[in-house]
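Structure first, commentary second.
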2 protein chains.
Amino acid sequence: MAQKNLLPMILLGLINIEKKTGYDLKKDFETEIGEFWSVKHSQIYLELKRLEGNGEIKSTTGFYGNKIEKTYYEITKKGKERLESWLDSYSDILNVNKDEFVLKLYFIKSRKDPRLQDLLQEQYRLRSKKLEHLKERMKFVFPNKESKNDNFGHYLILDHAIRREQEYVNWLEEILEK
Amino acid sequence: MAQKNLLPMILLGLINIEKKTGYDLKKDFETEIGEFWSVKHSQIYLELKRLEGNGEIKSTTGFYGNKIEKTYYEITKKGKERLESWLDSYSDILNVNKDEFVLKLYFIKSRKDPRLQDLLQEQYRLRSKKLEHLKERMKFVFPNKESKNDNFGHYLILDHAIRREQEYVNWLEEILEK
DNA sequence: GGGGACATGTAAGTGGTTACATGATTGC
DNA sequence: GCAATCATGTAACCACTTACATGTCCCC
């Protein structure tokens, strides 16, 4: 989208928790952070180089087995400052949520369009599946009340995602009933 | 984002309603379709050229005053086919909603982080404003029950947007109360 | 007369995707 | 042995943004 560049912040944020390799970061995007952000590994490695060039992270070499070298990155003072300064800042730009399904609905003017039912049913199937997945994640990541306090931000996000998806499903159900 | 290219579909969809100039399309993105999709005029003009090159739209010249030429585009049979084929298709890719605020929350681990309250308050202000705006739009675009049937898809989208925004505001309120 | 809307483009830069590329390691 | 995972990168392409650019029309 050539949008506001937030990937550096995510990488700094993740590396700030503990030193990581590019591959570790890739894994992070496949699990928890992948629920609300996506990026390809090629982009991660490019951005890491850039951050290192800026002196916001620094690398050390580790090994996987005897021959495979892996590069650990840790955050520097400069990187910490950038991260903190971002966390302290406000942004009044609300993201526009580009949803292909919603777009199709827009062009289906009539309530009686024969395509409407199939489209709704398919979306209902997809969204219900997503909702179940999110609920499973919640159970897995926060199995009890105390665990929520360990990473309150993450708990809030999952909670929010579940409510949003639930709303989506409810909305689709209501339309299907009509 | 170099994402799935949906702009051609939007342009075809809008031109399919009635013939339009690039400027008309730009205006559409500033009003109703702008609630859930954004694009710059430079991109619109580029995409129009491409669509015309493909033979999916065709242009005729009109005038604004005596000297300013404007180019009207109307959809061709080929363009209609592409549009219909898209409307008939399914996509099982759910968009990842990239929300900067949510990202910040993720990196604020602690419930007691002093930045949390300000961040929440600011987001609450923004989201409430957006919600009010959407409610106003709904009143304006669909002033009565009958009008909903004229463009059922658009009604559904606005309804959905309001519910989603309402959920966002409720969620923020709950956190602020804690 | 001037400012905002009307109207249409080009050019440079960048974030992101897709595809290509390579090789070791681990567990079955 | 072989498949999946670990691990890191480059290159081509593309959608999109930002900035630059130009000129008319209409109303106050």
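Basis for what follows: all heavy atoms, side chains included, without hydrogens, waters or symmetry-related copies.
- Taking only side-chain atoms of B:Lys70, from C-beta outward, the nucleotide of D:dT24, D:dT8, C:dT8 with the closest atom is C:dT8.
- Closest approach to the B:Tyr23 side chain among D:dC6, C:dT17, C:dA7 is made by C:dA7 (side chain taken as heavy atoms from C-beta onward).
- Residue B:Phe63 places its CZ atom among more than 12 non-hydrogen atoms of other residues, nucleotides or ligands, all under 6.0 Å distant.
- Rounded to 10 degrees, the angle separating the terminal axes of the helix from C:dG1-D:dC28 to C:dC28-D:dG1 is 30°, with each axis obtained from five end pairs.
- For the pair A:Lys20 and A:Tyr23, the cation-pi criterion (under 6.0 Å, within 45° of the ring axis) is not fulfilled.
- Listed pair A:Lys27 / D:dC6 meets the phosphate criterion, a side-chain N or O lying under 4.0 Å from OP1 or OP2.
- A:Glu174 and A:Asn170 share no side-chain donor-acceptor pair at under 3.5 Å.
- Checking D:dG23, D:dA7, D:dG9 against the side-chain heavy atoms of A:Ile68 singles out D:dA7 as nearest.
- Proximity of residues 83-90 of chain A to DNA chain C (heavy atom under 4.0 angstrom from any strand atom) is not detected for any residue.
- A cation-pi arrangement, defined by a distance under 6.0 Å to the six-membered ring centre and an angle within 45 degrees of its axis, is present between A:Lys109 and A:Tyr106.
- A cation-pi geometry, defined here as NZ or CZ lying under 6.0 Å from the six-membered ring centre and within 45° of its normal, holds between B:Lys19 and B:Tyr72.
- Among the nucleotides D:dT17, C:dG16, D:dA15, the one closest to any side-chain atom of B:Ser38 is D:dT17.
- Between B:Arg127 and B:Asp99 there is a salt bridge, since at least one side-chain N of the basic residue sits less than 4.0 Å from a carboxylate O of the acidic one.
- Of the side-chain N and O atoms in A:Tyr64, none sit less than 4.0 angstrom from OP1 or OP2 of D:dA7.
- Between B:Asp24 and B:Thr21, the side chains place a donor N or O and an acceptor N or O closer than 3.5 Å (distance only, hydrogens not considered).
- Between D:dT8, D:dT18, C:dG9, one nucleotide has an atom nearer to the side chain of B:Lys40 than all others, and that is D:dT18.
- With distances taken from any side-chain atom of A:Gln43 to the nucleotides C:dG16, D:dA7, D:dG9, the minimum falls on C:dG16.
- Taking atom NE2 of B:His41 as the reference point, atom P of D:dC20 lies 13 Å away to the nearest angstrom.
- Phosphate contact (OP1/OP2 of D:dT8, side-chain N/O of A:Thr21, threshold under 4.0 Å): present.
- Pairs passing the ring-ring contact (aromatic ring centres under 6.0 Å, His included) check and including a residue from residues 158-178 of chain A, sequence neighbours excluded, read A:His160-B:Tyr168, A:His160-B:Trp171, A:Tyr168-A:Trp171, A:Tyr168-B:His160, A:Trp171-B:His160.
- Annotation: of the two residues near DNA chain C, A:Asn66 and B:Leu46, the 5′-most nearest-nucleotide partner is B:Leu46.
- In the hydrophobic cluster analysis, where Ile, Leu, Val, Met, Phe, Trp and Tyr join through side-chain heavy atoms closer than 4.5 angstrom, B:Leu46 is grouped apart from B:Leu6.
- A donor and an acceptor atom never sit less than 3.5 Å apart when one is taken from the side chain of B:Ser42 and the other from the base of C:dT8.
- Note on B:Lys49: a side-chain N or O is less than 4.0 Å away from OP1 or OP2 of C:dG9.
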